[in-house]
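Down below is the structure, laid out as structure tokens.
Not measured: the values here are computed from a predicted model. Reminder, nothing fancy here: chain letters follow the sequence lines and each chain counts from 1. Every heavy atom of this structure was used, including side-chain atoms; hydrogens, water molecules and symmetry mates were not.
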Amino acid sequence: MRRGWWIFLLVATGPLARAEEPRSTLECIHLARVALGVPDMAAARAHALRAVELDPAYAGAWKQLGRVLMLDRRYADAWRAIDTAIELDDRDPDLPRWRASLLRDYAWERWSDGATEEALALFNEAFGGALDRREAALRGAAFAIAEKGLILEAAGLLRRWADDALLTALAREAMSAGRLECAEAVHLAMVSRGVELPRSNATLAFIRMLLGRCMMTDEELVPDGLDAVMRDMARETTRVCLPDAPAGDEDVPADSVVTDALETAAQRRLAAADPGHALRLFTRVFDRDPNRMSYLGAVRAAEAARGAAEAAQLAIRIAERATRPAVVFGARGKAARLNGEPAAAATNFEQSLAAEPDQPAARLEYFHALLALGRREDALAQVDWMAGREADRQVGGRAALAEMWSAMGDHVAALEFWEDLCRRYPNSAYFAVERARALVKLGRNDDALAALAPLNQHAPTAASLEWAARILMQQGRAGDAIDYAERALELEYTPELLQLRDALRAESKP
Amino acid sequence: MRKLFTLFQWAVVLALALMWARAMLRPVPAPDYAPESWSSWRGFHAISYAGVTREGGGDYVTPRRLASHLRALRENGFLAITPEDAEAFLQGRAPLPERAVLILFEGGRKDSYLAATPPLREFGQIAAMCVPTEMTRRWGRFYLRTRDLKKFAGFAHWRLVSMGHAATLPIPVGDGQEGRFLSRRKWIDGRLETREEYRARIDADFARAARILGKAAGRPIAGVLIPYADAGTSPDADPEAAAVIADAMRAHHRIAFTRADGAFNGPDSDPFQLTRIRVHGDWDARTLLDELAAAEPREDAVPALGGPEQWTMEGEAQRVDEGLALQAGGRAWLRGASDWSDLACAFRVERAPGATFALYARYAGPTRYVRIALTDDGARVQERIGTGMQTILFLAVTNGAPTEGRFTLRLKGNRLWFGIGDEPPVGPLPLTRFTSRGRICVESERARALVTDFIAAPTPALLVQAPRFRDLSPSLREDTTVWSPSWFTLDKRPHATPEMRSEWLAAAARGIMVIPRIAIGDASENSPGEWADALVECLEEMAARRLITRVAVPAGHEWLNESLRRRAFALLHEVRERHPAGWDPNGRMARDGDWILIDGRSMDAGTAVAEALRVVPPARIFFLGDENGARPAGVQRAIREAD
């Protein structure tokens with residue numbers, strides 16, 4: 001007979017229509033569940049609290065209260081309630097799972113509040129429990145922590161809670177997605193746990209090289225016994241970190257994952273305003289494969305790191321080695337622009353775009369060359385092309401389009417795009433500065449200052465401080481402007497900023 | 001000759017006058033009624049007669065049979081009590097005779113009064129006439145009249161109990177339909193009365209009867225007897241009826257007989273859900289005494305089904321060789337279990353397909369009980385609270401409907417465990433405070449069921465003084481019903497610690513009452529109020545205020561007791577020595593439901609217990625004995641675990 005029985009339900013099914021106040025904790029729990037279904041969180045909370053009040057020694061009452069508070073995002077109170085329920089009934093299989101889930105959610109809340117240490121402690125507590133979809137949660141937390149720059153903390157979390165198989169899978173995912181900080185944290189965890197050594201060690205060194213942290217040690221470079229890709233990776237690590245290292249055999253396919261990783265890292269370093277390291281990475285990319293479409297990025301990095309002349313030389317070298325028409329003509333066009341030859345630039349870019357039309361960066365260069373030649377109608381055609389691309393929802397063209405409107409002098413249209421970009425990427429200093437620049441062009445200096453204020457307060461850049469200084473100078477507030485200029489100089493010591501500061505000082509003298 | 005005849009006439013007249021004078025001047029024997037000599041806290045029986053008629057039969061007894069009943073009661077040591085005695089007893093204010101019985105006559109019939117008065121006088125008993133006062137205003141001699149009632153104030157053998165004013169009379173409840181006055185809404189002008197009208201009608205009826213009877217008796221009427229034992233619990237009663245009737249009863253009376261399912265009412269019976277048995281016209285004295293004996297509370301275990309004398313059968317219920325056979329609608333009450341609270345019960349049931357078998361525990365009337373129901377769908381554990389039935393647990397059945405199985409039920413405090421077969425029992429499941437004690441019953445509906453291997457036992461109370469609950473041995477934790485830790489000292493502000501909270505929760509989760517001990521220390525008597533406030537805060541911090549309602553204090557510190565009482569704490573007095581002023585000099589212990597713990601290691605146990613029993617019932621007395629654990633009979637056991 002006992003075979004046939006199973007626990008189906010533990011629930012109050014009392015009369016719901018009764019007007020009087022519930023007298024039983026089970027009835028209150030039931031009412032709380034009903035209220036959650038509505039949903040009416042205030043009523044659910046009131047019923048759950050009443051259930052606890054009626055029978056504070058009944059685990060089910062605390063469990064329901066914890067559930068309600070959890071759904072109401074009152075994580076700290078929910079945590080206490082669930083812990084009490086567990087204390088009263090350690091056999092309930094729901095409770096450890098709920099506890100781990102709420103700790104995970106609580107950790108994310110604290111993380112978004114900036115309470116990093118507390119969030120890390122909560123993540124550890126959550127992963128130590130019976131968390132549903134634990135691997136996905138661990139991946140999400142570790143990657144987020146790593147991408148905030150807390151590599152050691154992310155690696156510690158992974159080392160403690162991920163098994164070897166998960167670490168291997170995460171390493172593969174992070175590398176293929178180009179999420180280098182995540183990959184660094186995962187490989188650090190792998191190395192410290194001895195997973196897939198020496199491969200993981202060599203990969204860690206390679207990742208750090210890509211990130212611009214060339215922390216070379218003998219232990220990290222152990223090419224013996226590695227496959228071709230790993231040998232290639234180790235060699236590239238050595239070459240980027242130790243530029244004087246002897247060249248090895250170029251027996252690695254040019255389209256290898258190593259080239260892709262180098263190119264992705266180079267672009268990321270360029271976007272992270274690290275042109276020196278970006279140039280070193282681009283150099284290795286184009287040494288391996290001169291037909292890469294990131295040629296303009298490489299030249300931009302060279303221009304930022306070493307000036308226009310060296311950038312032009314790099315462009316010419318790329319054009320000489322490349323065989324892909326779009327790259328050959330595009331690199332020549334960029335060299336011509338850098339050398340002040342807009343006509344040649346326009347001709348070459350036109351040919352490059354004829355070969356491969358979908359090149360927003362090259363089209364932007366072509367646009368500037370056409371403007372320099374006074375061919376506004378042709379330039380406007382490039383704007384139309386970019387607008388069409390934007391209409392097709394192809395990302396990446398929006399910023400170029402905004403830049404084009406600015407260059408065309410249509411600051412109203414440009415401002416619309418910059419403001420949209422600022423909304424989408426609130427942490428982008430470039431978009432914030434360009435937005436301010438458009439506002440200044442429209443004579444809205446106060447709005448421009450207001451737009452720059454958050455950036456200058458929390459994450460100032462030389463450009464944002466410089467623009468603030470220039471606006472303040474226009475407003476006749478030389479003293480404030482000097483402060484901004486000097487702050488900008490602390491971040492980036494450039495002749496332009498020096499000139500600006502000196503001009504401001506001169507102006508402020510009576 | 002004529003002169004002689006005249007003399008004879010005068011002699012006859014004189015003789016008649018003398019006889020009349022003798023009859024009038026003969027003193028009425030006083031009832032045997034001496035409350036000052038009573039000392040029992042067990043409880044009382046209540047029996048009621050529908051009427052006394054010359055022919056008898058049915059629900060009515062003849063005068064001769066009534067006299068035989070009263071004689072048998074008297075000869076077997078039963079002393080009649082009044083409704084006011086029952087009230088004082090239920091409030092814990094005064095004990096009763098060892099064998100107490102409350103005799104009720106229902107209906108306010110004059111023939112009952114006339115027939116019962118002589119035997120009541122003869123056997124020194126007292127009875128209560130239950131009067132529906134509307135009847136006293138009717139023409140005729142069948143019912144007592146208003147002027148008759150006025151005489152009751154002077155009758156030593158009679159008291160008055162209300163049956164409402166018109167509560168016995170039918171009312172229109174629909175178009176051409178009639179129903180009970182109390183439990184149905186009245187049909188007025190083509191509609192049912194509103195909730196407010198209903199409530200007002202019932203309250204007015206009780207108020208009117210109480211006023212009439214109170215005026216006649218010269219004092220407020222303590223008791224009310226609900227006609228047809230339907231206090232809003234009949235199947236066709238209005239959903240609001242139970243609450244409406246309860247409110248009216250409580251507004252105008254202090255005790256109420258609402259049930260007719262047993263004779264015995266114990267010290268923990270609800271004063272407003274008292275029960276009585278209706279005496280059948282064909283019961284002889286022996287049957288009556290047997291019925292009362294069967295209703296006596298038992299504290300020993302019921303090791304087996306036993307014979308038919310162990311059960312009160314209703315409907316088609318029968319003790320057969322195989323077990324207790326219940327046909328559809330059959331029901332059997334376990335005799336003597338009317339006051340059981342904590343208990344363990346096991347039974348085997350063989351159920352015909354389609355039958356619903358139910359076991360009731362802590363049955364304190366149709367509105368309060370715990371029920372195990374076994375059907376083709378599965379097993380349900382339910383709790384009845386007022387008009388609502390709450391399913392606490394549903395064990396659904398798969399693989400077809402089992403029709404036979406063994407089940408266990410355990411009740412401890414506000415926790416329940418239910419087991420099927422050899423599986424570990426499910427629990428602890430929560431119960432409300434409304435189902436604290438009552439009878440045990442088995443019944444079957446729709447089809448036949450057979451109960452076998454029945455075992456039931458009340459769980460004795462055990463108070464354990466120990467610093468930590470979790471340090472108790474598993475078996476002692478199981479047996480403990482009250483845990484009393486030494487948490488507080490009056491010279492230190494009460495402070496909740498995580499360990500206290502954890503220990504309290506561990507004990508309370510198992511249905512164990514927690515009574516923290518308070519030591520006096522070096523405290524002054526100046527600020528017990530502030531200290532008690534801090535104690536409330538401390539318990540609230542531990543979420544324990546709702547369940548920790550009693551604290552243990554050394555006896556004799558009335559200045560502290562008062563502060564605690566004002567904050568709604570009940571008390572457990574720890575007595576180590578006799579107090580010069582006596583146990584309860586101001587009567588608060590009895591009135592406030594206090595408990596007493598007698599430290600039998602420091603004083604004469606027998607004397608101490610005897611003195612305590614004069615103050616509170618034995619259920620409220622714990623005895624802390626020596627290591628052998630011996631204790632005087634009737635009181636609860638306490639032990640102290642070493643720190």
Side-chain angles (χ1 to χ4, degrees), chain A residues 1-34 48-66 69 77 80-93 95, chain B residues 195 239-240 243 377-383 385-406 413-415 419-424 426 428-435 501-502 504-512 514 542-548:
Chain A
M1 166 147 182
R2 62 178 178 270
R3 263 195 327 229
W5 297 90
W6 59 288
I7 296 180
F8 177 70
L9 183 65
L10 177 59
V11 64
T13 53
L16 301 180
R18 215 163 58 214
E20 68 213 55
E21 192 176 2
R23 292 174 293 179
S24 137
T25 191
L26 287 179
E27 193 176 345
C28 292
I29 291 169
H30 176 70
L31 292 173
R33 283 182 183 150
V34 171
L49 282 167
R50 174 79 177 143
V52 165
E53 186 191 330
L54 283 173
D55 194 343
Y58 178 51
W62 288 102
K63 179 180 175 181
Q64 186 61 28
L65 179 62
L69 293 172
D77 293 336
R80 279 190 289 274
I82 293 289
D83 274 355
T84 304
I86 291 173
E87 190 173 357
L88 287 166
D89 182 4
D90 56 7
R91 296 169 304 167
D92 186 333
L95 290 171
Chain B
R195 181 181 176 184
E240 307 267 357
D377 298 335
R380 283 177 177 76
V381 178
Q382 298 171 310
E383 184 181 20
I385 316 164
T387 54
M389 177 75 93
Q390 185 154 274
T391 299
I392 300 168
L393 173 75
F394 176 34
L395 296 169
V397 64
T398 56
N399 305 342
T403 54
E404 183 270 338
R406 180 167 175 75
N414 61 347
R415 292 291 182 265
I420 298 174
D422 298 327
E423 296 290 321
V426 180
L429 302 170
L431 296 173
T432 67
R433 62 190 170 85
F434 299 101
T435 49
R501 183 175 185 274
S502 174
W504 165 73
L505 286 172
R510 292 163 175 80
I512 294 168
V514 178
M542 291 197 291
R545 183 67 184 97
R546 182 94 186 179
L547 293 187
I548 297 184

Item checked: Distance (rounded to the nearest 0.5 Å) between A:L26 CG and B:L431 CG -> 8.5 Å

Next item on the list: Working to the nearest 0.5 Å, report the span between CD1 of B:I385 and CD of A:E27.
Entry: 6.5 Å

Considering all heavy atoms of both residues, which atom of [X] and which atom of [Y] are nearest to each other, and what is their separation?
X      : Y      : value
B:A543 : A:W62  : CB-CZ2, 4.0 Å
A:Y58  : B:P428 : CE1-O, 4.2 Å
A:L54  : B:L547 : O-CD2, 4.4 Å

Margin query: Please rank A:T84, A:T25, A:V52, A:D89 by heavy-atom pairs under 4.5 Å with chain B and give me the top one.
Written below: A:T84

Note to self: Which residue is it: B:Q390, B:R433, B:E383? I am looking for the one with a side-chain hydrogen bond (donor to acceptor under 3.5 Å, both in side chains) to A:S24.
What the structure shows: B:Q390

Checklist line | Part of B:R415 lying under 4.5 Å from any heavy atom of chain A | finding: side chain

Item checked: B:P239 versus chain A, the contacting section by heavy-atom distance below 4.5 Å -> neither

Checklist line | Any A:E87 side-chain heavy atom under 4.5 Å of B:R501 side chain | finding: yes

Next item on the list: Flag the one option from B:A508, B:G511, B:S502, B:A544 with the top tally of heavy-atom pairs under 4.5 Å to chain A.
Entry: B:S502

